[in-house]
Novice: 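Please read through the structure below; I'll follow up with questions.
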Amino acid sequence: MSRDRKPTLAVWKFASCDGCQLTLLDCEDELLDVADELEIAYFLEASSATVPGPYDLSLVEGSITTPEDAERIKEVRRQSKFLVTIGACATAGGIQALRNFTDVDELLRIVYATPAFLSTLDTSTAIADHVPVDFELRGCPIDRHQLLEVISAFLVGRKPTIPGHSVCIECKLKGNVCITVAHGTPCLGPATHAGCGALCPSFDRGCYGCFGPAETPNIEAMAGALAACGMDDEAVDRLFHTFNAWSEPFRSAPVRVDPPRRKP
Amino acid sequence: MAIVVGADGLEELIGLLRADGRSVIGPVVRDSVITHDEIEHADELPLGWTDEQEGGRYRLVATGTDEIFASATPSTSWKRYVQPERTLLVKARRAGGVIEIVDQQVERPRWAFFGIRSCDLAALGILDRVFLDPSATDPTYAARRADVFVVSAACNTPGNTCFCASMDTGPTPTSGFDLSLRELAADDGIEYLVEAGSDRGADVLASLGGRPATPDDLQRSAACHDIAVQAMGRTLRSEDPPLAAAATDHPRWDDVADRCLACGNCTMACPTCFCSTTEDHTDLSGTETERWRVWDSCFTLDFSHLHGGSVRTSTKARYRQWLLHKLVTWHDQFGSSGCVGCGRCITWCPVGIDLTAEIAALASRQETP
Amino acid sequence: MTHRGGKSRALRTDALARVEGEGAMKIVIEDGELVDVEFAIYEPPRFFEAFLRGRGFEEPADITARICGICPVAYQMSACTAIEDAIGVTVDGPLRDLRRLLYCGEWVESHTLHIHFLHAPDFLGYDSAIEMSTNHRPVVERALEIKKIGNGILETLGGRAIHPVNVKVGGFYRVPHPTELRPLRARLERGLELAIEVVDLVAGFHFPDQEMDHELVSVVHPDEYPVMADRIASDRGLDIHVSEFPDHFEEHQVEHSTALHARLLARGDYLVGPLARYSLNAEKLSPSAGDAARRAGLGATCRNPFRSIVVRAVEVVHAFETGIAIIDGYEQPDRAAVEVAPRAGVGHGVTEAPRGMLYHRYEIGADGLIADAVITPPTSQNQATIEHDLWHFVERNLDLADDELRRKAEVVIRNHDPCISCATHFLDLTVERR
Amino acid sequence: MAHPDLEVGTEAFSGPGPMVPLRYRVRSRRDDLDDTVTLELEPVDEPTARPGPGQFNMLWAFGIGEAPISLAGLDGDVLVHTIRRVGAVTAALCAAVPGDEIGVRGPYGVGWDLDRARGRDVVVVAGGLGLAPVRPIVTELVDHRDQFGRVAVLVGARSPDDLLYRDELAEWRSHLDLDVEVTVDTATPSWRGDVGVVTRLIGRNPNEPANTTAFVCGPEVMMRFCALALIDDGTPPDEIFVSMERNMHCAIGHCGHCQLDALFVCKDGPVLSWPTVEPLLRVRER
Ligand SMILES: Cc1cc2nc3c(=O)[nH]c(=O)nc-3n(C[C@H](O)[C@H](O)[C@H](O)COP(=O)(O)OP(=O)(O)OC[C@H]3O[C@@H](n4cnc5c(N)ncnc54)[C@H](O)[C@@H]3O)c2cc1C
Ligand code: SF4
Ligand code: SF4
Ligand code: SF4
């Protein structure tokens with residue numbers, strides 16, 4: 001129960017927007033305490049100084065999109081005792097996994113005049129598709145409180161309290177009015193993993209699934225409910241296929257949906 | 001003892017309760033629904049509003065009248081007051097291997113539940129049986145429940161998803177209140193029949209202005225009751241739940257599992273669902289910890305977690321657990337149904353799954369197509 | 001990175017740290033002469049412009065936010081204004097004010113992060129703010145407090161600091177009641193006080209003399225220090241409507257980088273960001289910000305990239321004061337958003353991200369789906385200029401030891417606060433001497 | 001509908017409430033197996049009520065959480081618990097060393113009904129860690145041997161290395177009036193005993209099935225097969241008792257997690273008669 005030395009923390013970046021690692025710097029009230037408990041050994045966004053591995057806790061942001069990164073993540077894994085992936089990029093391939101559904105050469109041509117300069121993989125994939133991962137923290141971006149929960153749980157050896165149920169449960173815990181029922185607003189909350197604190201419904205907005213699929217979502221019934229709120233098939237399809245598009249069962253979510261079956 | 005007061009009588013009543021040091025929780029319009037919140041004056045009540053409720057649908061609708069209680073049950077149940085979403089159970093510190101448990105002060109609020117409906121009152125009675133069990137009384141619940149002054153409101157216009165008449169829990173409360181209200185249309189506006197259900201209720205009633213109720217007033221109230229019973233949007237036959245429980249192979253179980261999102265909204269909206277989980281939190285240094293009780297739902301995978309896998313992995317099993325617990329096994333456990341017929345689980349289910357329809361289908365021999 | 005020639009000596013650090021995102025820099029010195037400087041951007045391409053095609057017109061605000069976690073609001077605002085332009089709606093009055101308020105939050109948050117976490121350690125000789133906190137704890141605590149207030153604006157209006165959820169084409173999903181802003185106002189007052197102290201702190205840093213000679217480009221507004229407006233100007237006489245952007249600017253690809261480089265047609269490299277903003281609009285700063293700038297010794301213009309830290313500090317003051325004024329004048333609008341119905345069209349939007357001008361262009365079909373998208377982030381506009389700065393700096397400091405040279409060259413890059421993930425990844429630094 | 005009379009004053013609840021643990025100190029620890037540890041816990045403050053065989057306590061590891069753990073023995077006020085490391089809470093409990101403090105709530109649930117077995121033959125069947133909850137039964141049988149008829153203790157383990165309480169098993173075997181048989185699923189070269197599942201031991205002992213009370217503890221499938229084998233052998237179904245495991249957070253019927261049809265396993269169980277359990281297990285995922 002006692003520690004001889006401070007555990008070391010490393011933060012790694014792959015293809016991403018940096019938002020998830022920024023979340024750590026956004027823990028304004030706790031950042032210096034975190035630094036008291038963990039030696040920040042490798043965190044380029046915050047420090048030029050780096051301490052060589054191995055590291056006790058690695059936070060990995062971003063997805064694997066290049067051959068170099070596919071190799072680099074293996075080295076990161078070797079250097080890490082406990083590896084936590086943070087954010088939709090790292091846990092699901094992120095928004096950039098939309099490339100997985102199309103022809104990458106075509107994408108390259110749209111963006112770059114001379115695609116030959118670039119080396120990139122056809123897919124953007126989650127870290128867990130490449131190396132074993134000890135814990136996956138979801139969200140685009142991750143939630144600050146959940147990040148602190150993972151860190152403090154790691155420090156005492158507890159299982160982090162990160163429930164896998166729907167956003168709806170958080171929404172009700174918060175005392176929100178369900179905007180699907182009360183306003184007819186399409187909301188992906190019933191199929192989406194909790195963690196954000198039901199942010200969007202709190203702003204009269206339907207959840208758009210940035211925390212990815214919940215533990216046991218019913219995709220077809222969800223699609224039906226969205227359609228019942230007036231979304232067309234393509235819009236439903238796009239909603240599943242945005243920030244966690246490559247994560248099952250969103251990945252193979254139905255393209256065509258029937259109106260919800262309602263029993264007499 | 002019964003009296004009749006005008007609309008200003010409600011303001012007077014709220015004033016009396018507040019003067020007695022109570023915070024009055026009553027129905028209000030918020031975010032386009034009728035819910036409840038602390039009120040200071042009668043003009044915060046939902047005058048001129050009603051609701052339209054259907055499976056998966058709720059709309060606030062103007063009545064064009066001066067009625068305050070023209071709606072069905074409010075969107076949220078009252079359990080959050082007596083069994084809050086999150087409750088601190090234990091707080092402790094550690095130095096070396098030695099633990100110090102920090103004493104907890106339990107808050108004992110003085111509430112008045114104003115305008116609580118019959119079904120919700122019955123729901124409080126059901127929660128009482130769970131949490132005031134003499135062999136394991138929940139201190140938070142007991143403290144929060146101990147001094148609630150109950151002003152009930154009889155339902156004149158039940159919603160489309162209501163079926164309290166089937167569950168024998170409404171629409172007019174018969175006990176459990178300190179004061180009861182019935183909104184009555186009068187020639188010159190709205191008036192309220194006020195009856196006392198307890199000594200302290202009678203004390204408050206005695207200080208209220210108003211005229212003594214006449215047999216005609218009581219007659220009118222009874223007529224409202226009869227109309228309300230007729231107006232229930234749903235029914236649930238009491239013989240059906242055991243039949244449904246016995247029909248373990250009925251294809252309707254698979255059918256409802258296809259439609260169910262397993263999102264847990266029904267359990268959260270239900271006024272009697274009491275299940276909870278515990279969460280442990282530690283500070284970064286690991287020297288302080290708190291254990292919290294948090295509402296949980298039998299629709300989550302963790303709910304039945306055992307080392308090696310959850311007991312109820314399928315949505316079918318989870319839906320069955322919920323439905324049969326509510327309507328069948330609750331009788332064995334607590335001597336009553338766990339359902340009071342408020343209809344919230346129907347209205348607040350995003351896909352409008354209707355337990356009355358499910359039970360009826362499961363109880364029928366007919367196979368669903 | 002490969003090193004050519006037997007005589008060549010290559011030095012390589014793990015990465016250039018303390019930039020948001022990662023990129024790489026390469027300096028080649030041959031026989032004591034500087035022959036090449038490359039500021040390389042290796043962020044794996046994420047193809048935003050490509051997969052915006054076929055998405056709904058409401059989606060870019062959320063999708064493009066994911067280009068950069070440090071300045072998502074900038075992306076949301078540029079996207080919304082461009083799309084609103086395309087479908088012909090104007091968002092003004094309290095809704096525009098709320099957008100500016102939200103943007104103030106991002107300026108505060110982003111600038112404070114850059115000033116204290118990325119840049120100040122360079123001036124004070126530390127590797128990180130956390131290390132700096134051992135000797136300068138109050139400075140770091142103050143920075144965290146300011147940053148938290150900035151994030152407070154983002155959270156109050158947007159739900160969260162990174163990728164806020166409340167922004168939409170036409171306005172917001174939900175607008176606050178004035179009472180919800182009241183507690184925020186009190187915090188902004190506090191932020192203003194602290195921000196003024198920060199200006200005084202950074203004004204005292206030692207700045208190398210280095211006046212650069214780039215064309216400075218910024219969004220301009222007749223009355224406001226620019227955040228959102230529809231005109232673009234430069235200190236060399238450029239003065240165009242945002243819709244003329246494609247006629248005056250071009251992006252081209254360079255071999256060593258996944259980010260596209262932007263250029264002013266027929267004029268070449270230019271600089272966007274705090275220096276440009278300040279130099280073109282200094283007189284429109286809020287009163288306290290103007291005072292602070294004067295006290296800090298900033299003139300009418302500022303062309304020393306090292307001093308950009310002072311300009312940022314001044315802009316934080318401006319953001320707080322502007323935020324307070326917006327809250328004071330706020331009346332809740334009837335609707336959270338202007339009605340928007342998709343129609344075919346092309347729209348342009350430009351706003352001032354913390355790092356400089358951010359341009360979006362969308363072509364939308366009658367079905368409301370996006371047919372084409374162009375995004376020109378500040379970092380790709382500044383990339384050539386950063387290389388130029390580096391060249392200039394390295395050339396005059398060739399006698400420095402490699403380590404020292406590397407360290408200082410990193411500072412030159414950090415001066416421009418390149419938001420690498422807008423464009424780049426991993427900053428490997430290689431110095432080749434042959 | 002009436003709500004029950006509310007004669008609840010907070011006075012009655014000024015105490016800590018049923019979810020607040022009492023502090024115990026680890027007096028000794030014994031590593032039974034690679035992943036299994038037996039702790040002796042002595043009260044720091046006042047002790048809990050006296051637990052009986054088959055009951056369980058909620059053991060709390062500071063900052064980590066609680067786990068339901070059966071009583072494996074009692075020595076005055078000292079609680080004996082055997083814990084297998086499967087997750088975070090059990091890992092923390094297994095890491096405790098003498099002097100560490102652990103929280104205890106309990107005792108909870110309905111235990112083994114030994115009185116019912118007095119005067120009858122007794123068969124105790126344990127699989128794996130299931131030996132821990134039945135250990136107090138064997139202690140009772142040994143201490144009051146004259147009160148029971150023929151007694152058989154049948155123990156199964158995956159392999160000889162997974163066999164719990166090896167010294168004690170040897171000691172029990174030394175009692176001539178105790179029929180102790182041990183089997184393993186997979187033998188090692190040095191293993192001299194039986195090989196095969198524990199159900200195969202049923203029916204070999206000389207008890208009279210019709211006059212036998214059986215106490216069975218182990219994984220759910222193992223208990224089911226044992227019950228079937230015992231019934232096959234002639235043991236009356238209502239003389240067969242099993243100990244059920246379900247997820248538990250409160251152990252006082254408030255959290256709802258342990259429900260098995262109408263039963264709260266925490267207070268109606270964990271020990272349940274086979275005729276009660278059998279129909280419930282027939283429905284998948286009940
Ligand atoms: C009546 C009863 C008696 C038991 N007796 C013993 C015993 O004597 N020795 C022993 O080693 N084990 C026993 N168990 C099993 C033990 O309780 C679980 O192995 C333990 O709870 C697992 O917790 P964990 O955190 O280590 O594992 P994880 O699998 O990581 O558990 C995660 C969380 O699930 C929850 N949980 C609640 N109840 C259970 C449960 N029954 N099984 C798994 N998780 C649960 C806890 O909150 C736990 O923190 C018993 C269980 C019951 C119900
Ligand atoms: S998951 Fe989202 S917020 Fe996190 S790094 Fe990826 S794009 Fe950014
Ligand atoms: S608003 Fe969305 S997340 Fe909230 S309860 Fe309704 S469907 Fe679920
Ligand atoms: S409600 Fe949904 S989309 Fe919104 S923040 Fe939460 S998970 Fe993300």
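Letters A, B, ... are given to chains in the order of the sequence lines, protein chains preceding strands, and every chain is numbered from 1. Atom set for the values below is all heavy atoms of this structure, side chains included, hydrogens, waters and symmetry mates excluded.
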Novice: Between A/E215 and B/T300, is the side chain to side chain contact (heavy atoms under 4.5 Å, CB included) condition met? List the steps.
Specialist: CA-CA 8 Å; A/E215 54 194 11; B/T300 72; 3.6 Å; yes
Novice: Any side-chain donor paired with an acceptor under 3.5 Å for A/H183 and B/S32?
Specialist: yes
Novice: Select one option (side chain, backbone, both, neither) describing which atoms of A/E149 are under 4.5 Å from chain B's heavy atoms.
Specialist: side chain
Novice: Are the side chain of B/D258 and the backbone of A/A221 linked by a donor-acceptor contact shorter than 3.5 Å?
Specialist: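 Checking the backbone N and O of A/A221 against the side chain of B/D258, no donor-acceptor pair under 3.5 Å is found.
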Novice: Just verifying a value: how many Å separate A/D33 CG and B/S285 OG, rounded to the nearest 0.5 Å?
Specialist: 8.0 Å
Novice: Is B/T35 close to chain A through its backbone or its side chain, or both, or neither, when contacts mean heavy atoms under 4.5 Å?
Specialist: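 Answer is neither: B/T35 stays 4.5 Å or more from chain A.
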Novice: Heavy-atom distance under 4.5 Å to chain A: side chain of B/R80, backbone, both or neither?
Specialist: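 Side chain only.
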Novice: At a heavy-atom separation under 4.5 Å, does B/V256 approach chain A through its side chain, its backbone, both, or neither?
Specialist: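 Neither the backbone nor the side chain of B/V256 comes within 4.5 Å of chain A.
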Novice: Only one of B/P350, B/C263, B/S297 forms a side chain to side chain contact (heavy atoms under 4.5 Å, CB included) with A/S166, so which one is it?
Specialist: B/C263
Novice: Check each of B/D280, B/T289, B/T282 against A/R158 using the side chain to side chain donor-acceptor pair (under 3.5 Å) test, and report the only one that passes.
Specialist: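 Considering B/D280, B/T289, B/T282, a side chain to side chain donor-acceptor pair (under 3.5 Å) with A/R158 is found only for B/T282.
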Novice: Select one option (side chain, backbone, both, neither) describing which atoms of B/D51 are under 4.5 Å from chain A's heavy atoms.
Specialist: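 Answer is neither: B/D51 stays 4.5 Å or more from chain A.
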Novice: Count the heavy-atom pairs under 4.5 Å between each of A/I179, A/L38, A/T216 and chain B, then report the option with the highest count.
Specialist: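 Ranked by heavy-atom pairs under 4.5 Å with chain B, first place is A/T216.
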Novice: Starting at CG of B/D296, measure out to CG of A/L173 and round the result to the nearest 0.5 Å.
Specialist: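 The distance works out to 9.0 Å.
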Novice: Heavy-atom distance under 4.5 Å to chain B: side chain of A/V167, backbone, both or neither?
Specialist: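 Neither part.
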Novice: With rounding to the nearest 0.5 angstrom, report the CE to SG distance, B/M268 to A/C178.
Specialist: 13.5 Å
Novice: Contact part of B/A360 toward chain A, heavy-atom cut-off under 4.5 Å: side chain, backbone, both or neither?
Specialist: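 Contact with chain A is absent: no heavy atom of B/A360 under 4.5 Å.
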Novice: Looking at A/N218, A/I169, A/V181, which makes the most heavy-atom pairs under 4.5 Å with chain B?
Specialist: A/V181
Novice: Hey, what do you get for NZ (A/K172) to CH2 (B/W348), rounding to the nearest 0.5 Å?
Specialist: 6.5 Å
Novice: Could you give the distance from CG (B/L284) to CG (A/L32), rounded to the nearest 0.5 Å?
Specialist: 11.5 Å
Novice: With no hydrogens and no angle check, is any side-chain donor or acceptor of B/R59 less than 3.5 Å from a backbone partner on A/A182?
Specialist: yes
Novice: If you count heavy-atom pairs under 4.5 Å between each of A/T192, A/T180, A/V177 and chain B, which one has the most?
Specialist: A/V177
